[in-house]
Structures are given as C-alpha cells and as structure tokens.
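Comments concern the structure below.
The chains referred to below are lettered A, B, ... by the order of the sequence lines, with proteins before strands, and numbering in each begins at 1.
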Protein chains: 2
Amino acid sequence: MTPDPAPLDADQLNAYFALMEVGSLLQHAVEQQLRTEGDLSWVQFQVLARLTDAPDGRHRMTDLADGVVYSRSGLTYQAGLLEKNGLVTRESDPDDERAVVVAITDAGRALIARLLPGHVDVVRRLLFQPLRHRDLDTLSQVLGRVRDHIRATPPRSAKPRRSRGPAT
Amino acid sequence: MTPDPAPLDADQLNAYFALMEVGSLLQHAVEQQLRTEGDLSWVQFQVLARLTDAPDGRHRMTDLADGVVYSRSGLTYQAGLLEKNGLVTRESDPDDERAVVVAITDAGRALIARLLPGHVDVVRRLLFQPLRHRDLDTLSQVLGRVRDHIRATPPRSAKPRRSRGPAT
DNA sequence: TATTGTTATACTCTATAACTATA
DNA sequence: TATAGTTATAGAGTATAACAATA
C-alpha cells in the first residue's frame, strides 16, 4: 500500500531542501579549496582525516569504506591514488591475512596539517559565520542524532522494498 | 601565512562533519529511490521539481543553472537527457532570442507525481523520524539562513555570475 | 562587447561483477 | 561458505574552452 500522500509539510520540505542545498554548496566550496591548495578530493581528505584521528593512524579498508560512503572498489581506487602520492601505505594485516591496513604517512600528516587552516577557514566563513552559538549547539545535536539514525536504520545493502505502489 | 589560526572547536567540527555526512547519506538514499523507481538522477529531479514549482512550469536555462549548482554545460547535458525522455521541452525565448526556455511536459509532471510519495517517504524515514517538531523548526531556520549566506557570499575566485534582478 | 547556450573533449569518479586469497 | 580486497570494465557526470548567435 502506498504511504499516505501528505507526509511532508512546508516546513519539512524547507528543511530538507535547505539541508541538501547547504551540503552541496559547502562541499563544492571545500572541494575547491582542497583541490586548489592540496590537489586532494573531498573523499581523499576524508580518508586522511579519519586516519589522522585514529590512535595509530591506521584503519582497515573495510572500516574506511564503511565510514566513508563508498563501495569497496571505490575505496580501493582512492586508496590507490593516495598511496601513489605517498600519503598512505597499505599492508596486509598480520592478524587477518585477508585484511589490508591503511596507514597514513608523515607526508600525509603534513599535507593535512598544511590544508587544515584553509579548510577550516572556508567552513567557518560559509557555515558558522551566520550562526549564533545556540544555533550551532542545536545543529550539532540534531544532525548528530539524524546521522546516527540513518547509520542505524538502513544497512546500506538492505533490499529496498520493491512493492511501492501497484505493480506498473 | 594563514589568516586565522583559531581552529574549529569540537562542537563546530561535530556539526560540520555531521552536516556533510547526513547530506551525503541522505542524497545517496534518495538517489537510489529516484533511480530505481523513476530512472532519474538527483539533479534531474531537482530540475523537474523547480519547473513544477514555477507558476507556468517554465524557466530559462540560466535560472536553472543558477538554482542548481552545476555549470551551464552540465545543465545542457541534463536538460538534453530530460528532453530526450520527453520530460521537458526546450524553446527559444521570444523575448530574448539568445535564451532558451525549458518547460516541463505532462509526462514530466506525471513522473514527479509518481515519484514524490516514495521520495517523501524516504526523507521522512531517514531525516524527520528522529526529529522532534522543535528541532525541525530550528533546523529549517538555521539552514535556511546558512543557505542564504552562502548564496550571498561571493566565491573568492568569483567569476562573473548573473546577478538576480530585484523584479524578475 | 557582453551574454546565452551548445558542443567537443577529457577527465574523475562510482558501481557491478568476476576473481583471488584467506577464515 | 563467507569475508576482505582487487581488478576489469563500463557508464554517468562534470568542467573547461572554443564556438555561434543574439543583445
């Protein structure tokens, strides 16, 4: 049975489109900064940032692919680029010979360190400048909750229900 | 030398990453729905949605390219696909022979009408289900403000862009 | 000359499926 | 059998620059 026909009111549509638009504009802006100043894509930056955050600068491929949005082959491609540029290394995990551990190199850390100020500057200028402190709080909490919800709700390989509306 | 050494604090980083992640996950989800149920990309959906909103279902190419984030050639590409599938038409503007007016067709409207329930369902399930009404309000307001701010902020490598006249 | 839109082209990125190897 | 990752491949999408037509 098709879901009820009026699920989103004007406010909801507003919020939805604003969210998508802000995300798109912001990503565009930071991507340009990353590309210009460090020849890095947004995805590559995310991977390096995640590795930087890790205690020992290491992650398994699967963990990275899980964290970043992409498929495994996509991550292999990006990791290959990063490795070619000397920003990460790949070694097989001694504990599980199937797995591959990606580690950020000193050059990788240096690049991130070099890019971060400009990056942060763009984000602050576009995203935080028009926000009051209280807005920021709410935004952080609300979006965090949404993120957790999305992450928890659809295991991304789940079969989307095909029975949507009458067949054909 | 970098302009401002003050980094983003934890809350800000949180909000920033959450925003990007939610945007990414949400776009992924709706794109899958649109592709599966209507063979439509997110950009194409946006174009059709904008045309649907217009009083007479028409927009000039430049206005669409301005609203959507992409380059003109990108819009030409997408508009070409939409036209090939009979979802829009393109005619030159009688008032300005340089301009091209894109109009949504009945088939285009029908497709949007068919896709909208499922689309809205995805958005509601992923984005609004974990939100209280007050959160939604804040989200809508705050993100709306951010969007306007970004739209108004000239990209530092600003290329001459068509400025919006006050009255159409 | 400036603006609108298209075309040609080259490139990046992503997804799918087949494949290898380990567990 | 199931899982981790790679490879091959194919396709979508995007940006840039050159271009034609109109203002």
Rounded distance (Å) that lies between atom C1' of D/dG13 and atom CD of A/Glu31: 13 Å
N or O in side chain of B/Gln78 less than 4.0 angstrom from D/dA12 OP1/OP2: no
Sugar-phosphate only, base, or nothing, as touched by A/Asp93 at under 4.0 Å among non-hydrogen atoms: nothing
B/Arg60 CZ to D/dA23 P, straight-line distance once rounded to whole Å: 11 Å
Residue-phosphate contact under 4.0 Å: A/Arg72 side-chain N/O, D/dA4 OP1/OP2: yes
Donor-acceptor contact below 3.5 Å, side chain A/Asp93 vs main chain A/Asp95: yes
Separation of C/dA10 C1' from B/Tyr77 OH (nearest whole Å): 14 Å
Residue whose closest nucleotide on DNA chain D lies nearer the 5' end, A/Val100 versus A/His28: A/Val100
Of the listed nucleotides D/dT22, D/dG13, C/dC13, the one nearest the side chain of B/Arg98: D/dT22
Any B/Ser71 side-chain N or O less than 4.0 Å from OP1/OP2 of D/dA15: yes
A/Ala54 versus A/Arg58, closest heavy-atom pair with distance: CB-O, 3.6 Å
Residue whose nearest DNA chain C nucleotide is more 5′ - A/Leu81 or A/Glu97: A/Leu81
Distance, rounded to the nearest Å, where A/Leu75 contributes CG and C/dT12 contributes C1': 16 Å
Length of the NZ-C1' vector between B/Lys84 and C/dT6, whole Å: 16 Å
Whether B/Ser24 side chain and B/Met20 backbone form a donor-acceptor pair below 3.5 Å: no
Minimum-distance nucleotide to B/Ala99 side chain [options: C/dT22, C/dT4, C/dT6]: C/dT4
Side-chain (A/Thr52) to main-chain (A/Leu48) donor-acceptor, under 3.5 angstrom: yes
Nucleotide nearest A/Val43 when distance is taken to its side chain, options D/dT6, C/dT14, D/dT22: C/dT14
Closest to side chain of A/Ser73, choosing from C/dT7, D/dT6, C/dA15: C/dA15
Salt bridge present between A/Glu21 and B/Arg151 (N-O < 4.0 angstrom): yes
For atom CD of B/Gln32 and atom C1' of D/dA12, their distance in whole Å: 16 Å
For atom OH of A/Tyr70 and atom P of C/dT14, their distance in whole Å: 4 Å
5' priority, DNA chain D, between B/Ser41 and A/Met61 [closest heavy atom]: A/Met61
A/Asp96, nearest nucleotide to its side chain (from D/dG13, D/dT6, C/dA23): C/dA23
Under-4.0 Å side-chain N/O to phosphate OP1/OP2 contact, B/Arg35 with D/dG13: yes
Of the listed nucleotides D/dT6, C/dT22, C/dT6, the one nearest the side chain of A/Arg90: D/dT6
Contact nearer the 5' end of DNA chain C, comparing B/Val101 with A/Pro94: B/Val101
B/Arg134/B/Asp137 under salt bridge (charged side-chain N to carboxylate O under 4.0 Å, His left out): CA gap, chis, key distance, verdict: CA-CA 5 Å; B/Arg134 213 179 39 182; B/Asp137 258 9; over 6 Å; no
Atom-pair distance (NE2 on B/His59; C1' on C/dT4), nearest Å: 17 Å
